[in-house]
Undergrad: 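Quick one: structure below, then a few questions.
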Amino acid sequence: MKQKIKRKQNNSARCIVCGDQNKASLGCRFYELENGEIAATFRSEDWHQSYPGRMHGGMAAGVLDELIGRAAAQGSDDFWGVTVELHMKYKKPIPTEADLKAVARVTKKNRKLFEGTGEILLPDGTVAVEAWGKYMILPLSKISDGGFAEEEWYQIEEDDPKEIDL
Ligand SMILES: CCCCCCCCCCCCCC(=O)SCCNC(=O)CCNC(=O)[C@H](O)C(C)(C)COP(=O)(O)OP(=O)(O)OC[C@H]1O[C@@H](n2cnc3c(N)ncnc32)[C@H](O)[C@@H]1OP(=O)(O)O
């Protein structure tokens with residue numbers, strides 16, 4: 001089903017999932033959707049493999065870890081936290097050298113913690129991987145030394161889609 005995109009979130013420079021200046025990165029883009037969910041688009045490259053032709057399960061975990069975390073950051077470029085628990089269910093292999101999508105949402109949130117779920121979809125829309133995660137909300141100063149938000153956290157100016165088919 002097509003979902004309208006409300007806002008694209010920032011990318012970072014060096015992250016393995018969304019790093020715009022990291023050649024090994026999955027190059028994720030994150031789109032906040034009108035229905036309250038968040039979607040990611042990314043490309044699995046040959047160097048993201050575990051077995052030949054199959055994306056590494058750790059890379060899939062990385063995508064869903066970050067995407068579920070970002071589901072709670074919707075509408076803000078200054079919301080931070082860390083993963084405290086992540087549970088994965090690998091249902092189908094994810095091919096390398098494929099353009100892929102993922103979607104996530106927050107299922108529970110209080111002042112200190114939040115939880116959410118997410119899925120990676122194969123090009124035909126089948127759910128390949130499911131995840132559930134729990135996160136602790138923290139100020140950036142408790143996670144990383146100064147300079148990240150100012151120097152390495154920015155919008156990528158490009159021709160963004162207006163909607164996404166999930
Ligand atoms: C995620 C949002 C992202 C948005 C932007 C996206 C871009 C960025 C990319 C994002 C990339 C994706 C993200 C990544 O990849 S983040 C990278 C992977 N995750 C980490 O590195 C986290 C490592 N762990 C820690 O740093 C510490 O254990 C933390 C800081 C979490 C707690 O520290 P500490 O252990 O010293 O705790 P405390 O003694 O101060 O206790 C404080 C309170 O917290 C309660 N507690 C403790 N542990 C848990 C737990 N597991 N479940 C529930 N509650 C817990 C505790 O009972 C206490 O409660 P109270 O007694 O006060 O009531």
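We count ligands from 1, going down the list as the structure has it; atoms in each ligand are counted the same way.
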Undergrad: Can you tell me which residue pairs pass the side chain to side chain donor-acceptor pair (under 3.5 Å) test with a partner in residues 137-149, sequence neighbours excluded?
TA: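 Non-adjacent pairs meeting side chain to side chain donor-acceptor pair (under 3.5 Å): zero.
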Undergrad: Less than 3.5 Å apart, any donor N or O on the side chain of Asp124 or Thr126 sitting next to an acceptor on the other?
TA: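 There is such a pair (donor and acceptor under 3.5 Å, judged by atom type) between the side chains of Asp124 and Thr126.
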Undergrad: Under the salt bridge (charged side-chain N to carboxylate O under 4.0 Å, His left out) definition, can you give me all pairs with a residue in residues 49-61, not counting sequence neighbours?
TA: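 Sorted result for residues 49-61: empty, none.
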Undergrad: What residues come within 4.0 Å of ligand 1, counting heavy atoms only?
TA: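 Heavy-atom contacts below 4.0 Å: Asp65, Glu66, Gly69, Arg70, Ala73, Phe79, Gly81, Val82, Thr83, Val84, Lys112, Leu113, Tyr135, Met136, Leu138, Trp153.
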Undergrad: Do NZ/NE/NH1/NH2 and the carboxylate oxygens of Glu32 and Lys6 come within less than 4.0 Å?
TA: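 Judged by the 4.0 Å cut-off on N to carboxylate O distance, Glu32 and Lys6 do not form a salt bridge.
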Undergrad: Around atom CZ of Arg14, are there more than 12 heavy atoms of other residues, nucleotides or ligands at under 6.0 Å?
TA: no
Undergrad: Run the side-chain donor-acceptor check on residues 88-99: report pairs under 3.5 Å with partners two or more places apart or on a different chain.
TA:
residue : atom : partner : partner atom : Å
Tyr90   : OH   : Gly57   : O            : 2.6
Lys91   : NZ   : Glu130  : OE2          : 3.1
Asp99   : OD1  : Arg43   : NH1          : 3.3

